[in-house]
Amino acid sequence: MSCMLTYTIRNLPASSAWAARGFVRSLSCSSPLQAAVQPKTKKTLAKSGVKNIVVVEGVRIPFLQSGTTGLLNRTSVPRDVVDYIVYGTVIQEVKTSNVAREAALGAGFSDKTPAHTVTMACISSNQAMTTGVGMIAAGQCDVVVAGGAELMSDVPIRHSRKMRKTMLTLNRAKTLGQKLAVISKIRPDYFAPELPAVAEFSTSETMGHSADRLAAAFAISRLEQDEYALRSHTLAKKAQDGGMLVDVVPFKVPGKETVTKDNGIRPSSLEQMGKLKPAFVKPYGTVTAANSSFLTDGASAVLLMSEEKALALGYKPKAYLRDFVYVSQDPKDQLLLGPTYATPKVLEKAGLTMADIDVFEFHEAFAGQILANLKAMDSDWFAQNYMGRKSKVGAPPLEKFNTWGGSLSLGHPFAATGCRLVITAAHRLKKEGGQYGLVAACAAGGQGHAMLVELYPQ
């Protein structure tokens with residue numbers, strides 16, 4: 001993750017006061033994004049008396065299938081670049097419970113730069129970003145680095161509760177006799193480890209099982225899910241080959257090769273995908289490994305500033321971060337419907353409709369989850385009976401939806417996906433000539449998030 005902090009800060013323009021200190025990478029986008037379509041002018045979402053918060057730059061290391069890399073790196077950066085660092089992570093390592101602080105120190109930041117870690121399942125980096133937005137809006141900071149990191153290849157595995165209790169008791173034993181008495185009580189089943197599971201604490205149900213039930217509730221077939229998953233991989237491959245994924249920066253895996261691109265993008269065929277067996281609800285479920293997001297290692301970061309500060313330092317921001325909302329609902333039957341609940345709320349907050357949105361970037365946990373949300377958003381009955389609304393918000397048109405792939409194909413490092421969604425929305429707005437982007441995601445616990453991104457005037 002320290003690699004991400006370094007890369008984000010190194011992206012200063014040559015005119016900056018820090019250029020002479022080694023910041024050589026320009027903030028301008030790479031060639032595929034230079035031929036941007038001129039956006040149609042709409043009203044701005046700026047609010048009187050409220051600071052404009054901008055995304056100056058955003059990067060991520062390649063998202064890699066779990067088991068292919070780690071995220072350790074250390075480099076030197078100037079001490080006075082940022083005022084605060086906020087990072088998200090989901091599966092925490094006890095030794096680095098405040099991973100934001102440890103990564104900041106590892107990356108060479110001043111020990112005077114505060115940093116804290118947030119966790120909100122799959123929207124942890126969204127929470128990191130909006131925390132930074134709040135700090136800047138409140139006048140507490142001018143510059144914040146926000147992001148997220150996840151290392152699914154090396155998750156903490158605990159002893160069983162019985163063994164943990166025994167070890168703590170053994171630690172308190174004073175005499176040899178007391179220690180032997182404690183050890184004599186250990187039984188073979190004490191050694192069974194507790195493996196982490198993507199399951200809800202409140203319901204004991206895995207997210208994949210919930211996705212399968214959700215797909216069934218909305219009558220989404222296995223074929224529809226496979227078709228959507230294939231779409232995600234096909235579009236991601238096209239974007240990768242076309243040089244659109246310019247937020248990806250090379251990462252040197254310690255002791256191994258330098259990785260330059262996401263390695264989970266694998267377009268297949270419906271025939272091959274159809275051969276896979278159900279992964280969660282057996283034998284009749286419809287969620288498989290092919291239409292689910294895969295366990296992923298990855299890290300991401302964005303550099304946030306007040307507009308005034310960015311311009312004073314010579315930056316050309318990519319986008320404004322505008323209104324955002326967080327929602328919660330039933331973690332049993334509506335675990336993955338966060339986008340459905342969050343989207344109409346954030347649109348109402350900004351005075352916009354679905355027709356005003358040029359770019360949609362939704363987190364793809366499962367193909368069935370995405371398709372269920374699209375159906376729910378396009379249902380008056382669901383809006384009236386479950387959301388207390390008079391009418392549906394409407395489903396996003398697919399020609400505007402995740403057109404550079406999504407979590408199903410790019411991967412989903414739990415705490416890093418949010419930043420990817422935001423920076424992809426910003427890049428797509430520039431490339432496609434749009435003005436407003438809508439980012440949305442579901443998260444464990446039945447929670448969700450949505451945010452509006454506005455293209456910075458070119």
Side-chain angles (χ1 to χ4, degrees), residues 8 11 13 16 27-29 33 36-58 82-84 86 123 125-146 302-327 342-361 393 396 400 418-419 421-441 449-458:
T8 304
N11 292 332
S16 168
L27 275 177
S28 61
C29 298
L33 292 183
V37 179
Q38 192 64 29
K40 298 177 182 178
T41 303
K42 304 176 184 176
K43 67 175 183 179
T44 179
L45 296 181
K47 297 180 180 178
S48 177
V50 178
K51 281 188 176 182
N52 285 324
I53 315 299
V54 297
V55 178
V56 173
E57 182 61 284
V82 299
D83 301 315
Y84 207 97
V86 192
I123 52 177
S125 61
N126 304 81
Q127 181 59 248
M129 286 184 288
T130 57
T131 297
V133 167
M135 288 179 167
I136 297 173
Q140 299 298 312
C141 303
D142 285 316
V143 182
V144 174
V145 169
V302 294
L303 180 59
L304 306 178
M305 292 186 184
S306 65
E307 184 179 20
E308 304 94 305
K309 185 70 171 181
L311 296 179
L313 293 177
Y315 278 95
K316 179 61 182 296
K318 292 180 179 293
Y320 295 108
L321 296 187
R322 298 302 195 187
D323 291 294
F324 61 87
V325 297
Y326 289 93
V327 296
T343 295
K345 287 188 176 182
V346 78
L347 289 174
E348 288 177 354
K349 209 173 177 188
L352 299 179
T353 67
M354 290 290 276
D356 294 313
I357 305 302
D358 304 297
V359 161
F360 293 89
E361 283 293 325
V393 66
K400 297 181 179 181
C419 289
L421 295 174
V422 166
I423 204 64
T424 299
H427 287 162
R428 282 185 57 203
L429 286 171
K430 181 177 181 181
K431 176 66 176 178
E432 299 169 18
Q435 184 170 349
Y436 300 136
L438 195 156
V439 169
H449 167 75
M451 173 187 280
L452 290 168
V453 178
E454 182 180 351
L455 180 69
Y456 196 81
Q458 300 303 303

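- Side-chain contact check for Leu321 versus Thr130: every heavy-atom pair is 4.5 Å or farther apart.
- Taking NZ from Lys400 and CE from Met354, the interatomic distance works out to 9.0 Å, rounded to the nearest 0.5 Å.
- Rounding to the nearest 0.5 angstrom, the gap separating the OG atom in Ser306 from the CG atom in Asn52 is 9.0 Å.
- The shortest side-chain heavy-atom distance between Lys309 and Val143 falls under the 4.5 Å cut-off.
- Atom CG of Leu347 and atom CG of Asp356 lie 8.0 Å apart (nearest 0.5 Å).
- Summarising the geometry of Ala426 relative to Ala319, their closest heavy-atom pair is CB-CB, 3.9 Å, with the distance given to 0.1 Å.
- Residues Ala310 and Val56 come closest through the heavy atom pair CB-CG2, 4.1 Å.
- With no hydrogens or angles considered, no side-chain donor-acceptor pair links Tyr320 and Thr44 at under 3.5 Å.
- Here the closest heavy-atom approach between residue Leu45 and residue Ala350 is recorded as CD2-O, 3.8 Å.
- Checked by atom type and distance alone, the side chain of Asp83 pairs as donor or acceptor with a backbone atom of Asp142 at under 3.5 Å.
- Of all the heavy atoms in Leu429 and Glu454, the pair that sits closest is CD1-C, 4.4 Å.
- Side-chain atoms of Lys318 do not come within 3.5 Å of backbone N or O of Ile423 as any donor-acceptor pair.
- A cation-pi arrangement is present between Lys349 and Phe324 under the rule of less than 6.0 angstrom and at most 45 degrees off the ring axis.
- Residues Leu304 and Val55 meet the side-chain proximity criterion, which asks for heavy atoms closer than 4.5 Å.
- Residues Val439 and Ala425 approach most closely at CG2-CB, 4.1 Å, considering heavy atoms.
- Of the residues listed (Asp358, Val359, Leu455), the one engaging Glu432 in a side-chain contact (heavy atoms from CB on, under 4.5 Å) is Val359, and it is the only one.
- Looking at Tyr315 and Glu57, their side chains never bring a donor and an acceptor atom within 3.5 Å of each other.
- Nearest heavy-atom pair, Ala450 versus Ala342, reported as atom, atom and distance to 0.1 Å: CB-CB, 3.6 Å.
- Side-chain contact check for Asn126 versus Met451: every heavy-atom pair is 4.5 Å or farther apart.
- Distance alone, capped at 3.5 Å, places no donor-acceptor pair between the His449 side chain and the Val327 backbone.
- How far CD1 of Ile136 is from OG1 of Thr131: 11.0 Å, rounded to the nearest 0.5 Å.
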Evaluate the criterion side chain to side chain contact (heavy atoms under 4.5 Å, CB included) for residue pair Ile357 and Leu452; output intermediate values, then yes/no.
CA-CA 9 Å; Ile357 305 302; Leu452 290 168; 3.8 Å; yes

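- Remark: side-chain polar atoms of Gln435 are paired, donor with acceptor, to backbone N or O of Lys42 under 3.5 angstrom.
- For the side chain to side chain donor-acceptor pair (under 3.5 Å) with Tyr456, the qualifying choice from Lys316, Lys430, Glu307 is Glu307, the only one to do so.
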